[in-house]
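Before any comments, here is the structure.
Chain naming here is simple, since letters A, B, ... match the order of the sequence lines and numbering starts at 1 in each.
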Amino acid sequence: MSSEQQVDPTSPTRPVRVRFAPSPTGYLHVGGARTALFNWLFARKTGGRLILRIEDTDLERSSETMVTGILDGLEWLGLGWDEGPYFQSERLTRYSEVAARLIERGEAYPCFCAPGELASRRAEATDRKQTWKYEGICRSLPRAEAAARLASAEPAAIRFKVPASGSLTFTDHIFSRITTGYEQIEDFVLLRSDGHPTYHLSVVVDDIDMGITHVIRGADHLPNTPKQILLYRALEQQSPIFAHVPLILGRDKSRLSKRHGATSVTAYREMGFLPEAFRNFLALLGWSPGNTDQEIFGAGELIEAFSLEGISRSNAVFNLEKAMWMNAQYMARSPTAVLSRELEPWLRERGLWEPEFAAEGAARLHAVVDLLKSRARSLADLASAARPYLSPSFELEPAAVEKNLRRHEQLKVLIPELADRLAGLSSFDLTTTEAALRELADERGVKAGLLINAARTALTGSGATPGIFDVMVCIGKPEVVRRLRDAVRLIA
RNA sequence: GGCGCUAUGGUGUAAGCGGUUAACACGCCGCCCUCUCAAGGCGGAGACUAGGGGUUCGAAUCCCCUUAGCGCUACCA
């Protein structure tokens, strides 16, 4: 009916203020992380401010450890905020004030109906597949009676008076016009009988108090937005711009949940994702930079390219394969020194960390990282692949041993010979090692590949490695010679 | 059940106001490179744009219906 007047996004008088408002009832979900990212990008893009607010009004389900988990997740993704975190649990009196004011204005009323009773009536109705909404029994209670019962400390919730008929239309920045009939909306609770606000009240009060200009949040909030707009009106405040972001789904297109695999950003960190890569991947889920083929975006480029208009209206399926690809891209492109530093916890976990790695140059570690970074999909991958280069004890892959060593009896003499020749080199580098190996192959009339693959498995236990001469140089002469000699026992 | 939203290859997305052989990326399959594996390069398969009706000279783009998925429908957020 009446179309809402909203904040003009181009108004020079109102600098952009957005917020990320997670509820600490779980770890930072990838969907929440993406919402945070979009808010962050929008704030950076527009020169606005990002406010972090913790919506912990559900005492039962909120916890402090979840709060730190969420903060850690944001920090890991590099999504810094400009204000907060504010906690709704610390603003309780403010919400009751507003609720009281709404009662005074005749926009809300106390409700004495027993929650349990209401719930059972609701359940009964849905069992019969019928619609049921609170019929507003207490709405028509005489003012005096209501006041008396309140005074006698009878528990009461505060409900909002929703217009009996008509409809409300508002413009969402992503979904455009949304219309809802009031008959769909019941007199919803603003304040629980324990004095805690419900989401609708606290979110509106806070967004007003914090001067929020754009509400960028998950599309699961879309159907409830009319309730909130009603509140803005009742409080004689302008509504912010609403921009609802479509949801992230699992493989089977149902809501992303544990059974689809990891849902918390912490889990992706633990898998060995680079935060920049994961952030880049997330940005491309439900948002597109438009008519360009670019997919790899640094933080600056992301900010530059971002706009609300590029956000899609349909839900997106989380594709781990592509996320891994993205991560591999970032791994390969990361400066070796940076990657080496990120690798520390992963190497420690595997007992491969050496104090010398912490030093400036850390040449030995850098050489390994350099060698492996273009073929690792994650930090975990990289750390595992690094073992043969950092430690004399590594696993032998049975299949590789079989294929490259055991099967070839001639290696029994060739491998020790190769070891001798390498041992005799005065300079041990790419050219000298390659020349030594190829000469030997020529002289003995075997293909170089035979020696190369044998050396590969003898030196690393694996059938797939970087170029063999790079491997040799990286491992170093004494250890190369030792491992070759040792490998003879593996040949049939 | 009611209400709302959405619908382009398996997945993520392009294709400004209706006019393209419907593009790119992931994944998949080949080939090249090559000592293996990645990376990289080249090529291929895979979409009558969910289905059906309209409007129009012309529809992935506009309208309607159907279907499907998702969301909301709480003294959760």
Under 4.5 Å between any side-chain heavy atoms of A:Phe242 and A:Ile178, yes or no?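 Counting from C-beta outward, A:Phe242 and A:Ile178 never come under 4.5 Å.
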
Within a strict 4.5 Å, meaning less than it, do heavy atoms of the A:Ile475 and A:Tyr389 side chains meet?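 In short, these two side chains touch, coming nearer than 4.5 Å.
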
So what does [X] touch, heavy atoms closer than 4.0 Å: a base, only the sugar-phosphate, or nothing?
| X | result |
| --- | --- |
| A:His221 | base |
| A:Ala332 | nothing |
| A:Ser193 | base |
| A:Arg128 | nothing |
| A:Asp220 | sugar-phosphate |

Should we count [atom1] of [X] as having more than 12 external heavy atoms under 6.0 Å?
| X | atom1 | result |
| --- | --- | --- |
| A:Glu301 | CD | yes |
| A:Arg313 | CZ | no |
| A:Gln130 | CD | yes |
| A:Glu309 | CD | yes |

Roughly, in whole Å, what's the span from [atom1] in [X] to [atom2] in [N]?
| X | N | atom1 | atom2 | value |
| --- | --- | --- | --- | --- |
| A:Leu118 | B:U73 | CG | P | 15 Å |
| A:Leu285 | B:U11 | CG | C1' | 10 Å |
| A:Glu309 | B:A14 | CD | P | 13 Å |
| A:Phe175 | B:A7 | CZ | C1' | 12 Å |
| A:Ile311 | B:U13 | CD1 | C1' | 14 Å |
| A:Gln228 | B:C72 | CD | P | 13 Å |
| A:Gln294 | B:A25 | CD | P | 14 Å |
| A:Arg313 | B:C5 | CZ | P | 12 Å |

By side chain to side chain contact (heavy atoms under 4.5 Å, CB included) - contacts of [X] (at least two apart):
| X | result |
| --- | --- |
| A:Ala157 | A:Val189 |
| A:His29 | A:Leu256, A:Thr263 |
| A:Asp370 | A:Thr336, A:Lys373 |

Does any donor atom in the side chain of [X] or [Y] lie under 3.5 Å from an acceptor atom in the other side chain?
| X | Y | answer |
| --- | --- | --- |
| A:Thr457 | A:Asn404 | yes |
| A:Thr460 | A:Ser462 | no |
| A:Asp56 | A:Ser89 | yes |

Please map the stems of RNA chain B, keeping only stretches of three or more Watson-Crick or G-U wobble pairs with both distances under 3.5 angstrom.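 Looking at RNA chain B, the stems formed by three or more consecutive pairs are B:1-7 with B:67-73, B:10-13 with B:23-26, B:28-32 with B:40-44, B:50-54 with B:62-66.
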
Below 4.0 Å: OP1/OP2 of [N] and any side-chain N or O of [X]:
| X | N | value |
| --- | --- | --- |
| A:Arg251 | B:U11 | no |
| A:Lys253 | B:A7 | no |
| A:Asn315 | B:G69 | no |
| A:Thr292 | B:A14 | no |

Check residues 276-287 of chain A and write down every donor-acceptor pair under 3.5 Å in which the side-chain atom is one partner and the other belongs to a residue at least two apart or another chain.
{"unit_1": "A:Arg279", "atom_1": "NE", "unit_2": "A:Leu77", "atom_2": "O", "d": "3.4"}
{"unit_1": "A:Asn280", "atom_1": "OD1", "unit_2": "A:Phe297", "atom_2": "N", "d": "2.7"}
{"unit_1": "A:Asn280", "atom_1": "OD1", "unit_2": "A:Tyr330", "atom_2": "OH", "d": "2.5"}
{"unit_1": "A:Asn280", "atom_1": "ND2", "unit_2": "A:Glu295", "atom_2": "O", "d": "3.0"}
{"unit_1": "A:Trp287", "atom_1": "NE1", "unit_2": "A:Ser307", "atom_2": "O", "d": "3.3"}

How many angstroms lie between CG in A:Asn319 and CE in A:Met326, if you round to the nearest 0.5 Å?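 Going from the CG atom of A:Asn319 to the CE atom of A:Met326 covers 10.5 Å.
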
NZ/NE/NH1/NH2 to OD/OE distance under 4.0 Å, A:Glu55 and A:Arg53: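 Counted as a salt bridge, because a side-chain N and a carboxylate O are separated by less than 4.0 Å.
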
Return whichever of A:Cys113 or A:Gln130 has its heavy-atom-nearest nucleotide of RNA chain B closer to the 5' end.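 Result of the comparison: A:Gln130.
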
On RNA chain B, compare the nucleotides closest to A:Ala448 and A:Thr25; which residue's is nearer the 5' end?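 Whichever sits nearer the 5' end wins; that is A:Ala448.
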
Under 3.5 Å, which protein N or O atoms sit close to an N or O of nucleotides 45-52 of chain B? Give each pair with its distance.
none

What residues in residues 90-100 of chain A put a non-hydrogen atom under 4.0 Å from any atom of RNA chain B?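 Going residue by residue through residues 90-100 of chain A, none turns out to have a heavy atom under 4.0 Å of RNA chain B.
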
Residues from residues 449-471 of chain A sitting under 4.0 Å of RNA chain B, heavy atoms only?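 Those residues whose heavy atoms fall under 4.0 Å from RNA chain B, taken from residues 449-471 of chain A in numerical order, are A:Ile452, A:Asn453, A:Arg456, A:Gly463, A:Ala464, A:Thr465, A:Pro466, A:Gly467, A:Ile468.
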
Side-chain donor/acceptor of A:Arg375 to base of B:C37, under 3.5 Å: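 Answer yes: a donor N or O sits under 3.5 Å from an acceptor.
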
Pairs: protein N or O with nucleotides 26-34 of chain B N or O, under 3.5 Å:
{"unit_1": "B:C26", "atom_1": "O2'", "unit_2": "A:Lys322", "atom_2": "N", "d": "3.3"}

Is the cationic atom of A:Arg149 (NZ for Lys, CZ for Arg) positioned less than 6.0 Å from the six-membered ring centroid of A:Phe112 and within 45 degrees of its normal?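 Judged by the rule (NZ or CZ under 6.0 Å from the ring centre, within 45° of its axis), A:Arg149 counts as positioned above A:Phe112.
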
Lys/Arg cation over aromatic A:Tyr134: A:Arg159, 6.0 Å, 45° cone: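 Pair A:Arg159/A:Tyr134 counts as cation-pi.
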
Polar-atom pairs under 3.5 Å, protein N or O versus N or O of nucleotides 60-67 of chain B: list them with distances, or write none.
none

Checking contacts here: which listed nucleotide (B:C70, B:A74, B:A77) is nearest the side-chain heavy atoms of A:Ser23?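 Side chain of A:Ser23 sits closest to B:A77.
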
Protein and nucleotides 2-4 of chain B: nitrogen or oxygen contacts under 3.5 angstrom:
{"unit_1": "B:G2", "atom_1": "O2'", "unit_2": "A:Gln184", "atom_2": "OE1", "d": "3.4"}
{"unit_1": "B:G2", "atom_1": "O2'", "unit_2": "A:Gln184", "atom_2": "NE2", "d": "3.3"}
{"unit_1": "B:C3", "atom_1": "O4'", "unit_2": "A:Gln184", "atom_2": "OE1", "d": "3.1"}

For ring-ring contact (aromatic ring centres under 6.0 Å, His included), just list the numbers for A:Tyr27 and A:Tyr268, CA-CA rounded to whole Å, side-chain angles, deciding distance to a tenth of an Å, and then say yes or no. CA-CA 12 Å; A:Tyr27 287 106; A:Tyr268 290 91; over 10 Å; no

Could you tell me if the ring centre of [X] sits under 6.0 Å from that of [Y]?
| X | Y | answer |
| --- | --- | --- |
| A:Phe42 | A:Phe20 | no |
| A:Tyr199 | A:His221 | yes |
| A:Phe38 | A:Phe306 | yes |

Any chance you could lay out the salt bridge (Lys or Arg N to Asp or Glu O under 4.0 Å) test for A:Arg444 and A:Glu417, step after step, and finish with the verdict? CA-CA 10 Å; A:Arg444 296 293 175 261; A:Glu417 264 191 285; 2.4 Å; yes

What pairs meet the side chain to side chain donor-acceptor pair (under 3.5 Å) rule with one or both residues in residues 243-254 of chain A, with sequence neighbours excluded?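 Checked against side chain to side chain donor-acceptor pair (under 3.5 Å) - neighbours excluded - the pairs reaching residues 243-254 of chain A are A:Asp172-A:His244, A:Arg217-A:His244, A:Thr225-A:His244, A:Asp252-A:Ser254, A:Asp252-A:Arg259, A:Asp252-A:His260, A:Ser254-A:Arg259, A:Ser254-A:His260.
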
